[in-house]
Every structure is written in C-alpha cells, then in structure tokens.
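Worksheet for the structure shown next.
Here the structure is a predicted model, which is why all the values come from computation and not from measurement. Start at 1 and go down the list; that is how both ligands and their atoms are numbered.
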Amino acid sequence: MHKPMLIALGTLLLAAPALAQEKVVNVYNWSDYIAEDTIANFEAETGIKVNYDVYDNNEIVDAKLLAGNSGYDIVVPSGSFLERQIKAGLILPLDKSKLTNLGNLDPAVMATAASQDPDNAHGVPYMINTIGLGYNVAKVKAALGDAAPLDSWDLLFKPEVVAKLKDCGVAVLDSPSEVMGIALHYLGLDPNSENEEDLAKAEALMTSIKPSIRYFHSSQYIDDLGNGEICLALGYSGDIFIAADAAKQAAQGNEITYLIPKEGAATLFDFLAIPVDAPHPDNALKFINYILEPKVVAAITNYVFYANPNVPALEFVNEDVKSNPGIYPPAETIAKAFVMKAHSPEFEEVLTRTWTRIKTGL
Ligand code: N2P
C-alpha cells in the first residue's frame with residue numbers, strides 16, 4: 001500500500017467513531033440526585049465520559065430546552081414540565097429496543113406516568129418525590145410550644161404561626177408552579193387551576209407569610225436545615241432527609257423531621273429524558289439503561305433518600321430507607337397526595353410574573 005493511502009485510511013479510522021458517536025454523554029441533573037460513584041462506575045463500565053452539570057429548578061431546564069442547542073443528552077424534568085416539553089416537540093422519543101432494562105419499572109408507576117408521557121414514549125421515571133415540610137424539632141417546639149401544628153401546612157401558611165418561626169429561619173423552594181400549587185391546595189382550590197382569581201388568592205396567601213420567609217431557594221435549605229441555620233423549609237422529601245442525615249452526623253443537637261402534612265402533599269416523578277437535539281442520543285440511551293439496573297438505582301436511592309420505581313431494585317434498598325414512610329409513602333398518603341399537571345405556556349407567564357411580585361414585593 002502506498003503511504004498516502006495509509007494516511008488516508010488512518011484519518012478515516014480516527015474520524016469514524018467521532019462521526020458515529022463521540023464517547024461522551026452530557027448529563028444535566030438535579031443537584032444531590034445521584035450516588036457518589038454512579039458516574040465513575042458508568043464511565044468505567046462503558047468507556048463513555050460523562051460531563052455532569054446540575055440545577056435545582058425546573059424552570060431553568062425548561063428555558064434551556066426551549067432555547068434549543070442546550071448541548072445536553074439527558075435532562076431530568078418533573079412530569080408536569082416533561083408533559084409540556086413533549087407537546088412542544090422538545091424531547092426525543094425513546095428507542096426502547098436499546099432500553100433492555102425498561103421492564104424493571106413498576107407497571108403501576110408506568111401507567112400513572114403515562115398520564116404525563118403518553119404511552120411512556122419519551123421519559124423514564126427516575127425518582128419519586130413528595131414536597132412537604134422539613135423542620136428542626138427542638139427549635140420549632142421552642143418557638144411554638146404545645147400549640148405547634150406539627151401535622152399541618154398551618155406551620156407555614158398561618159401568618160401568626162410562621163411569624164414565630166421567622167427568627168429561627170424559614171425557607172421556601174424557588175419553584176413557582178409547585179409552591180403556588182401547594183398554596184392553592186391549602187386553600188381548598190384545585191392545585192392545577194389556571195383561573196386568575198384562584199391565583200390571586202394563592203398570591204394573597206403567599207404575601208401574607210412573606211415577611212416571615214428568609215429566602216426562596218431550591219437547594220440552599222439542605223445545608224441550612226442540617227446545620228441549624230434555619231428551622232423550617234418547604235422542600236423536596238429526599239433533600240430534607242439529606243439534611244436530617246447531615247444533622248445526625250454532625251451531632252450538634254439538631255434533629256430534623258420531614259412532614260407530609262395531613263392535608264396532603266404534592267407528589268411527582270422526575271423523568272430521564274433526551275432532548276430532541278441531543279448530540280449523543282445513543283450514549284444517552286446507554287446511560288438510561290445503566291440507571292435502570294437494580295443495583296445502580298438502589299445505590300442512588302440509598303444515597304439521596306428518594307424512592308425509585310424499579311421493582312427488582314427494592315431488595316437492594318437499605319431497610320431503614322425502605323421502611324421510612326416519608327421516602328416510600330404508604331397507600332393512604334399517596335391517596336391524599338396531588339399531582340401537578342402541565343400549565344399552558346400563557347399561564348406559565350402569568351405565574352412567573354406573580355412569583356416575581358411575591359418574591360420582590362413589587
Ligand atoms: C434533588 C431535587 C429533587 C428533585 N436535590 C426535585 N424534583
């Protein structure tokens with residue numbers, strides 16, 4: 001063979017894998033939502049390098065997907081957001097022939113998920129959350145005495161109650177659709193209402209407790225609750241358990257409890273999904289299939305305290321996690337819980353303006 005041909009062949013061989021698919025996957029996930037070694041284990045097993053970025057708010061991902069060319073191969077939207085993203089053509093249908101572990105998922109969960117992702121065509125349920133209240137037992141009892149409504153959303157939504165917690169610190173998720181949905185539910189209204197009068201009532205409720213809220217943020221409360229900086233947070237179930245665990249490890253006398261209020265909590269699934277313009281969709285499928293392995297997802301649940309819908313994974317979930325009703329809620333809690341639905345893009349805009357008013361007071 002002549003030398004130039006050899007060079008040409010070499011170039012071709014080098015270029016071929018890059019064209020087929022670079023050994024890279026770009027993952028955009030919630031913060032504190034994976035085990036410490038998941039990524040390293042996946043890289044070692046597949047030789048695919050993971051670029052891993054995190055966020056703590058659905059709206060951020062939504063905006064990136066809408067803008068297009070996010071560069072991400074995997075995103076993890078909550079069901080209500082995924083529902084709208086699918087309708088907007090932003091999510092790639094799954095090539096299920098590549099997802100050999102899909103049968104591990106609980107058929108009941110898949111049936112529920114299909115209400116947001118028709119035919120389960122676009123998303124793989126990853127973790128199940130409730131949204132409730134986390135509180136510092138001693139601090140809240142000291143501030144409120146025996147009258148503390150320790151089983152109810154009143155802890156946050158009654159202005160005269162939450163005012164007594166202002167000094168020990170109150171935090172609320174910076175998540176307009178979820179928090180306003182919960183406020184509507186507390187008022188006895190439809191949490192998914194798009195009626196502007198309903199929204200005005202929820203806004204009035206939020207404004208009435210606003211003077212007692214130290215900040216709106218969707219991940220800062222984990223550390224702050226854990227180290228006693230704040231005493232009450234409206235937050236995601238697993239994050240509050242992470243705070244509780246950290247408080248226990250630190251042994252500084254802070255005991256954190258997670259409360260699913262008796263009036264009912266919001267419950268949701270986050271889904272692994274592939275953006276329609278993902279640069280490495282085949283690697284994304286490999287990543288999803290890896291997460292669907294029972295031991296892999298069980299290790300994540302054990303680390304971040306969110307329940308997963310993978311049936312054979314259950315035997316690898318630690319006993320104290322499995323038996324914790326805040327992580328794997330009993331049927332009666334699920335029955336009282338409510339699910340967020342997708343909002344119309346028009347209502348999202350109204351909601352965003354309302355939320356800004358609540359936060360800034362303007
Ligand atoms: C993880 C955040 C939980 C996912 N820190 C929110 N749906």
Stepwise, does the side-chain contact (heavy atoms from CB on, under 4.5 Å) test hold for D73 with V27?
CA-CA 6 Å; D73 298 303; V27 177; over 6 Å; no

Does any N or O in the side chain of T112 come within less than 3.5 Å of the main-chain N or O of A108, such that one atom is a donor and the other an acceptor?
yes

Do V350 and F81 land in one hydrophobic cluster if side-chain heavy atoms of ILVMFWY residues count as linked below 4.5 Å?
no

Pair Y306 and Y33, ring centroids less than 6.0 Å apart
yes

CA sep, side-chain torsions, deciding dist, call: F269, Y126, ring pair (Phe, Tyr, Trp, His ring centres under 6.0 Å)
CA-CA 7 Å; F269 292 109; Y126 176 56; over 10 Å; no

Taking any residue with a non-hydrogen atom under 4.0 angstrom from an atom of ligand 1, which ones do you get?
W30, S31, D32, Y33, S78, N129, Y236, D239, L268, D270, Y306

For residues D56 and S218, is any side-chain donor paired with an opposing acceptor at under 3.5 Å?
no

